[in-house]
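Everything below concerns the one structure shown next.
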Amino acid sequence: MTAVTTPVLSETGTGTPPGNVDGQAIAITVFSTVKRWGRAWLPVLFLEPKLLPQTLGTLEKLSFIHFARWSMVTELAWNGAPQPKTRLRRPHLYFESNFNGGWEEYIDAFSYVLREGMAAFWGSSYGFPGAVPPGPFKDYIKTSDRRLEASHFYSAYADSTVTIVKQALELDGLVADLRERAAELSPEQFKAEFSALLAKGQRCL
Amino acid sequence: MTTATATTLDLADIQGDILRAYGNAYASTTYVFVRIGDATAGGAWLAGLADQITNAEPWADGKPGSHLNVALTCAGLTALGLPDDVIGSFSAEFRAGMAGRAERLGDIGRNAPDRWDDGLGTGAAHVLVTVNALDEPHLGRALADLRAEVARHGHEIVVEQAAHTLPGSREHFGFADGFAQPAIEGATDDRAAGGGVPLRGGRWRPFAPGEFILGYPDEDTTLDPERRLPSAPTDPLGRNGTYMVWRKLHQDVAAFRDTISTAARHFEDGDEAKLRAKVVGRWENGSPLVTHPDAPATDFDGAAAGANDFRYHGPDQHGAKCPIGAHVRRSNPRDSIGWEGRLTYRHRIIRRGMPYGDPLPVGAADDGEERGLVFACFNASISRQFEAIQVQWLNDGNVFGLGHDADFLMGGIAEGGSMVVQGECPFYLGPQKPFVTVRGGEYLFVPGIAALRAIATWPR
Ligand code: HEM
């Protein structure tokens, strides 16, 4: 990964650096210093997702989260001047995620429905106040020396959220299926099938 | 940060009307926005008003004929000479003001502040005096006194907005309004079922008072081992007060009726009343669609304990009874997006709206008259509560899986909004003409009575 020294961030309304917003998508990053025991714990956690079965399932169900990723960084690559050489005396936890909607609501989801998972990931980081209550947790994530502003952030469907894209794909499947069979259907059959398609696909309309 | 101790509400210091509605008895409400002339004269006037304010204690000798309540904008605090560090202790959105938050609120185009009524959103409105009265004579007297005092102190009235209850406590589109409210610990505990925080197993509990009154434990405090209190303005301003949102919303009644009656020709048996109910999520008399999907309850009393005791996810996950995009399901989704409501319960407001203008007779064409709703609500955090509802839930549908569909009752920012009424065969409503237009508004601070005295006598 690329090193970024203390970033100076201008705040958008949500506390998100402007470089981390593209259309409907918002990127969030948290770079935190890991305590000694985390160096042993985090690799175990990453390798054994069964330690967090609920967290992963819940993350998938929260439709406004595109993805979330935690990784441990032990050294920073140096890409040449003007980047200063940085030695990490301790490993760092690097979190990145893309989501849409409100920043506050995003962190609320972590606090209210993913509390145990958050403690497992961040518990070994210095300064982690606990995921609950969300107030101090939000302050922790917002602290500017833990956040990185993306130098490049791209969204293929800037006007769409991940939910919209998924619904469009689901509907596309239903329509393609009917289209394929349409030629062989009588008008009455087609009418019935079309109504069935609307009923089945109504949550994607 | 301060730590929570006792949680008994100091009703003698909290302004009335926040925790309990004055009720239908008070048929008239007039909102008077005043511009302060000089800070010292402003203080003198407010000190006099502080003695007349109705507090939240139960009335000992029956209903008073009229009530006064006072709120201030950030421009008002500045005009009254409060120092910058004190003003800086108020929330960022309050300091920015409603007009300053226009882009986030979707107040652009037809709703933009440069089209608002004179005196709103410009920094000219400093103090809001709300006058509630039993009848016209009481209202007339209270307003005459108020106008005289404002003039005597060298201030100026910049907006005077009259509002009246309509027969049956209806709003202009014809629906019973204003009864579904959050239940608050220490004030309205008896409304917990349906009004409080949803718990597992169909149970509920009332909200921690700090969600609505500053200086008390809120829902975060409840989860916090250190029992820290939520942030509030510097003492003594941060005690027993709250924030208020005041928004004048014009309603195009003819457009609403036309849209529904035209669309209903293709809806189940042409059932217009049912289609109207689908847009709101309640029948005209208030009975919830989720509990009464086929016909309204004849004797529905929305204010009765338990009247709103229902959830969405279990009985109606896919919106066959109450559409996922219905106004009440969007504005208070309860457990509609799952997790027993844990992703929605921090976004509740106390609504104290009142219609303005005369009703449009049934069957009449648009008469071009001004009518609508003075939407007023109270919350401890305008950004977390009111703004989240307006922005995340009403202006956009993504959290509910409704794409960018805005609330159909109000209409989105642009013309042409739509709504899918889920059912055995889904029904498509739209493209619509927007029914509601913002005529102006302000973010206000409602001080406790001692805090108002402190503002009035601030060393300047
Ligand atoms: C002219 C505009 C509006 C009209 C005609 C309107 C109408 C209604 C009606 C008829 C109800 C059901 C009755 C009740 O629950 O008391 C209701 C409920 C509600 N409305 Fe509105 N409303 C308007 C604007 C707004 C706005 C701007 C917001 C918030 C930003 C809002 C938030 C709510 C909430 C939170 C409820 C209670 C839902 C529940 O607890 O079940 N409304 N509204």
Side-chain angles (χ1 to χ4, degrees), chain A residues 11-15 23-25 54 57-58 61-65 99-115 129-139 159-168 170-171 191-192 194-205, chain B residues 1 92-93 96 100-101 103-104 217-231 317-320 323-325 337-347 381 383-384 387-388 391-393 396-405 418-428:
Chain A
E11 293 253 336
T12 57
T14 53
Q24 300 283 319
Q54 290 221 318
T58 305
K61 270 191 254 161
L62 287 164
S63 61
F64 50 91
I65 301 182
F99 65 100
N100 51 253
W103 189 91
E104 302 269 346
E105 286 75 16
Y106 179 64
I107 308 298
D108 282 347
F110 279 7
S111 295
Y112 295 129
V113 306
L114 289 162
R115 177 170 161 183
V132 167
F137 183 47
K138 283 176 186 167
D139 293 341
D159 283 339
S160 303
T161 65
V162 76
T163 318
I164 293 175
V165 172
K166 276 179 164 166
Q167 288 172 328
E170 193 179 325
L171 194 62
K191 186 168 182 242
F194 187 72
S195 298
L197 181 151
L198 287 181
K200 199 166 168 204
Q202 59 183 300
R203 51 182 211 97
C204 307
L205 296 176
Chain B
M1 229 178 246
E93 65 275 12
R101 304 281 274 190
E103 215 164 307
R104 163 185 304 233
D218 71 356
E219 289 294 332
D220 265 9
T221 316
T222 317
L223 294 172
D224 186 355
E226 294 169 45
R227 302 274 300 157
R228 282 165 291 191
L229 288 176
S231 71
Q317 188 183 347
H318 302 295
I324 296 176
I337 53 176
W339 289 281
E340 262 134 9
R342 270 174 291 161
L343 293 179
T344 64
Y345 81 115
R346 301 300 310 279
H347 311 290
S381 164
S383 63
R384 170 164 56 79
E387 287 187 348
V391 176
Q392 306 286 344
W393 294 348
D396 191 73
N398 185 65
V399 254
F400 308 117
L402 300 173
H404 295 314
D405 279 359
S418 64
M419 171 176 178
V420 174
V421 177
Q422 291 87 12
E424 231 164 87
C425 185
F427 184 77
Y428 179 81

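In the text below, chain A, chain B and the rest are named by the order of the sequence lines, each starting its count at 1.
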(request) Give a yes or no on whether B:Tyr428 atom OH has more than 12 heavy-atom contacts from other residues, nucleotides or ligands under 6.0 Å away. (result) yes
(message) Counting neighbours of CD on A:Gln54 that are heavy atoms of other residues, nucleotides or ligands and sit closer than 6.0 Å, is the number greater than 12?
(response)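 It does not: A:Gln54 CD has 12 such atoms or fewer within range.
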(message) Strictly distance-based, threshold 3.5 Å: is any side-chain N or O of B:Arg342 a donor or acceptor partner for the main-chain N or O of A:Tyr112?
(response)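 The answer is yes, because a donor-acceptor pair under 3.5 Å joins these two groups.
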To the nearest 0.5 Å, what is the distance between [atom1] on [X] and [atom2] on [Y]?
X        : Y        : atom1 : atom2 : value
B:Asp220 : A:Lys138 : CG    : NZ    : 7.5 Å
A:Glu104 : B:Ser383 : CD    : OG    : 6.0 Å
A:Asn100 : B:Gln392 : CG    : CD    : 9.5 Å
B:Asp396 : A:Thr161 : CG    : OG1   : 7.5 Å
A:Thr58  : B:Trp339 : OG1   : CH2   : 6.0 Å
A:Ser160 : B:His404 : OG    : NE2   : 5.5 Å

(message) If you compare all heavy atoms of B:Gly401 against all heavy atoms of A:Gln167, which two are closest, and at what distance to 0.1 Å?
(response) O-NE2, 2.8 Å
(request) Would you sort out whether A:Val113 and B:Glu340 count as a side-chain contact (heavy atoms from CB on, under 4.5 Å), showing the intermediate values? (result) CA-CA 10 Å; A:Val113 306; B:Glu340 262 134 9; over 6 Å; no
(message) Given heavy-atom pairs under 4.5 angstrom as the criterion, report whether the side chain, backbone, both or neither of A:Lys166 touches chain B.
(response)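 Contact with chain B: none, neither part.
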(message) For chain B, which candidate among A:Ser195, A:Pro133, A:Ala109, A:Gly201 shows the most heavy-atom pairs at distances under 4.5 Å?
(response) A:Pro133
(message) For B:Gln422, which atoms come within 4.5 Å of any heavy atom of chain A: side chain, backbone, both, or neither?
(response) both
(message) Taking side chain as everything from C-beta outward and backbone as N, CA, C, O, which of these in B:Tyr345 sits under 4.5 Å from a heavy atom of chain A? Side chain, backbone, both or neither.
(response) side chain
(message) Can you confirm whether A:Pro136 sits close enough to B:Arg228 that some side-chain heavy atom of one is under 4.5 Å from a side-chain heavy atom of the other?
(response)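 Yes, close enough: below the 4.5 Å cut-off.
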(message) Are A:Leu205 and B:Pro426 packed together at the side-chain level, in the sense that at least one heavy-atom pair is separated by less than 4.5 angstrom?
(response)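 Counting from C-beta outward, A:Leu205 and B:Pro426 do come under 4.5 Å.
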(message) Looking only at heavy atoms and a cut-off of under 4.5 Å, which of B:His318, B:Glu219, B:Glu93, B:His347 has the most pairs with chain A?
(response) B:His347
(request) Select, from B:Asn398, B:Leu343, B:Ile324, the one with the greatest count of heavy-atom pairs under 4.5 Å involving chain A. (result)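 Of B:Asn398, B:Leu343, B:Ile324, B:Asn398 has the most heavy-atom pairs under 4.5 Å with chain A.
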